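Right, one structure below, let's go through it.
No experiment lies behind these values; they were computed from the predicted model shown. Note on naming: letters A, B, ... go to the chains in the order of the sequence lines (proteins, then strands), and numbering restarts at 1 for each one.
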Protein chains: 2
Amino acid sequence: MGKAPTIADVARVAGVSVPTVSRVLTGAIPVSAKRRELVERAIAELGYQPNAAARALVSGTRSMVAVLAANTSRYGYAKTVEGIEEAARAAGYMVVITVVETAEQDAVRTAVAMVLSHSVAGVIVLDFDEPGHAAVTALPQTVPVVVAAAAPSRAVKLPRAYLADQRGAREATSYLLSLGHETVHHIALPSSGRRGGRTAGWSAALQAAGIRPPKHLHTTWDPLHAYELAKSLAADPSVTAVLAGNDEVAAAVLRAMTEQGRSVPGDVSVIGFDDQPIASLVTPALTTVAQDFAELGRQSFALLENSINGSAGQDTVSVRTQLVLRGSTGPRRN
Amino acid sequence: MGKAPTIADVARVAGVSVPTVSRVLTGAIPVSAKRRELVERAIAELGYQPNAAARALVSGTRSMVAVLAANTSRYGYAKTVEGIEEAARAAGYMVVITVVETAEQDAVRTAVAMVLSHSVAGVIVLDFDEPGHAAVTALPQTVPVVVAAAAPSRAVKLPRAYLADQRGAREATSYLLSLGHETVHHIALPSSGRRGGRTAGWSAALQAAGIRPPKHLHTTWDPLHAYELAKSLAADPSVTAVLAGNDEVAAAVLRAMTEQGRSVPGDVSVIGFDDQPIASLVTPALTTVAQDFAELGRQSFALLENSINGSAGQDTVSVRTQLVLRGSTGPRRN
DNA sequence: GAAACCAGTCCCATCTGTCTG
DNA sequence: GCAGACAGATGGGACTGGTTT
């Protein structure tokens, strides 16, 4: 394992002083064209790479941003991280991910401490669930923090990008009512427990139409659990329209309905959330509320960059959802 | 933004010297119980967190591992990263992710340089595709590298964990033949272009049965493209069994077949790859070759840890796949 | 426990050169 | 034409927060 060249090596080869090399590197202070040329040649010759650790130590120039999340592989989470990474890379930052498994104080504190000890430029927290929400409150004021979430918040005074999924749920529910359904049932995903979000939107749309929302069901992230719940809906003849927490849950509903002999969209209409790639491939193709998680990630990073640079910009950004009509919804029959 | 306490603050509060605190922290050199106690109390009182940058700078103690990947959100990729993160966190490492968008030299070099400048303890490359493969060859010998892949390799002399998907494809294909199908068609995902992998396994199984493999189709990662290809298979009456590159492609096949009026599994049998959550929710439920990507990630990290610690262990590990039988496969009819 | 050290940055002093009077 | 002033470029050395001799 050969050792990497240092700035001193570059200075020696170029025949200039160490600070001069540093000035060429950081670009802030002017250097004569002649020496700059010399230095650049030496850098290329040696294949010199500045040492990020030393740089972070002395100047606080941080080149990493951290993402705190309860999960990194589920569709929405992974897509958001992807958006963050894309924007971060374009801005010259690396992304370090830290999973906060549970909302327990120990887990949260460990994760936060880990992140802080690595002198990151900023932190983006995926406040999609309990662990994420716990992480938001556990982070100190000493580092720029941005929240990526599924709802606005008055309680937390931090820059925030969020998916307007409450509105999306409202629109989807209203759409189902406009098809003649007398009510809309709902299977909710685990969430951070705060108000707002899909369930609130669904409930609001029903109430606006003078309909008392039926009791909604709570699924875990395991689609098989959602499937069990869906079977109970399928067995209930009063159920003619279902708003599912995401596309996987919607697929579970589709399956449960079909097995029960109820046709979709003939007997029952189903709407999902996310517009995952699979949404257009199931049969019937899913009507769904598309959510641009990658955009959420990019916007979150943009907010973080503002915060890092101290350039106060808008500090709450929402990302719109869009109702995509496919084959799983239709007019109420009989 | 308050400033973080340093080791000197701890030393002052504890009434000991700076090196003593350092000794307590690293744990290598013995410290009297009394002073250790004093130091630990001071650390707790101040909420002191060692500065990872300073530590990496002086002692080469690296606490980050990098993951190089072409993508982070698709199922297999995201699950592998999740497994890496889980194992890394347990071992006290953070994970930084870097996306290598294309196999172009510039993109690869930039990504590699970025990783190297951050003094990571090691690198895991997801060699699932062209960009990943390019990254493997672009990394210098100066840092421990482990490859996570979908096939073994004789060419690359690096520790490697791989999914035995060639074997999985062989078993799946043989299973279809055992159901009476005269041949098996195949839609392949983009891959790194090297031999091995699913397509090779499929082809081997057919040849072993004395069957000349039909021309296989190449899809992109876009499921809609797979759907177009699937339609051409659906239109061909000689197609009675399909091995799809992954579950999304399989779902596309299911849909295309159904639209064409060919029943699954009555007229056509379909097998997917991965066992994504959705596999059991589509109709019919997918028979699929389950791949434990998270385990692949964990194994990769274990290899990396060996390499970092210099403890030479086994340097090639394979993760077995498993054929999961569900409703999309059945005996050849007529 | 004192002192050296890791790889950088940055303050400050020095030096050069040009402009002014 | 020459001293003095001043701006810009450059190098010396202290400093960052730890670890190790």
*Of the candidate nucleotides D/dT10, D/dT19, C/dA7, which contains the atom at the shortest distance from the side chain of B/S22?*
D/dT19

*Select one nucleotide: of D/dT16, C/dT9, D/dG11, the one nearest the side-chain heavy atoms of A/L57.*
D/dT16

*When the distance from CD1 of B/I43 to P of D/dG18 is rounded to whole Å, what number comes out?*
10 Å

_Residues in side chain to side chain donor-acceptor pair (under 3.5 Å) contact with A/T316, at least two apart in sequence or another chain_ = none

*asked:* Are A/L126 and A/V67 packed together at the side-chain level, in the sense that at least one heavy-atom pair is separated by less than 4.5 angstrom?
replied: yes

*B/R298 side chain near B/V319 side chain, heavy-atom distance below 4.5 Å*: no

*Starting at CZ of B/R62 and ending at P of D/dT19, how long is that distance when rounded to a whole Å?*
15 Å

*Select one nucleotide: of C/dT9, D/dG17, C/dA3, the one nearest the side-chain heavy atoms of B/P19.*
C/dA3

*Report the distance from atom NZ of A/K34 to atom C1' of D/dG8, rounded to the nearest whole Å.*
14 Å

_A/V99 and A/E101, any side-chain heavy atoms less than 4.5 Å apart_ = yes

*Quick one: which of D/dG18, D/dT20, C/dG8 gets closest to the side chain of B/Y48?*
D/dG18

_From the set D/dG11, C/dC6, D/dT20, return the single nucleotide nearest to any side-chain atom of B/V58._
C/dC6

*Which of the following nucleotides, C/dT9, D/dG11, C/dA7, is nearest to the side chain of A/R55?*
C/dT9

*Taking CZ from B/R12 and P from D/dG18, how many angstroms apart are they, rounded to a whole number?*
13 Å

_Need to verify one output field. Residue with the more 5' nearest nucleotide on DNA chain D, B/Q49 or A/R35?_
A/R35

*asked:* Does this structure show an ion pair linking B/K34 with B/E37, if we count only N-O contacts that are shorter than 4.0 Å?
replied: no

*Please state how far atom CG in A/L116 lies from atom C1' in D/dG17, giving the value in whole angstrom units.*
16 Å

*At under 4.0 Å between heavy atoms, what does A/V21 touch on the DNA or RNA strands: base, sugar-phosphate, or nothing?*
nothing

*Would you kindly give the NE2-to-C1' distance between B/H118 and C/dG8, to the nearest whole Å?*
14 Å

*Sugar-phosphate, base or nothing in reach of B/R23, heavy atoms under 4.0 Å*: base

*Separation of atom CG in B/D9 from atom C1' in D/dT16, rounded to whole Å*: 13 Å

*May I ask you to evaluate whether B/T61 reaches the phosphate of D/dT19, defined as a side-chain N or O under 4.0 Å from OP1 or OP2?*
no

*Atom CG of B/N51 and atom P of C/dC6: how far apart are they, to the nearest Å?*
18 Å

*Looking at the side chain of A/T26, which of D/dG17, D/dG13, C/dT9 is the nearest nucleotide?*
C/dT9

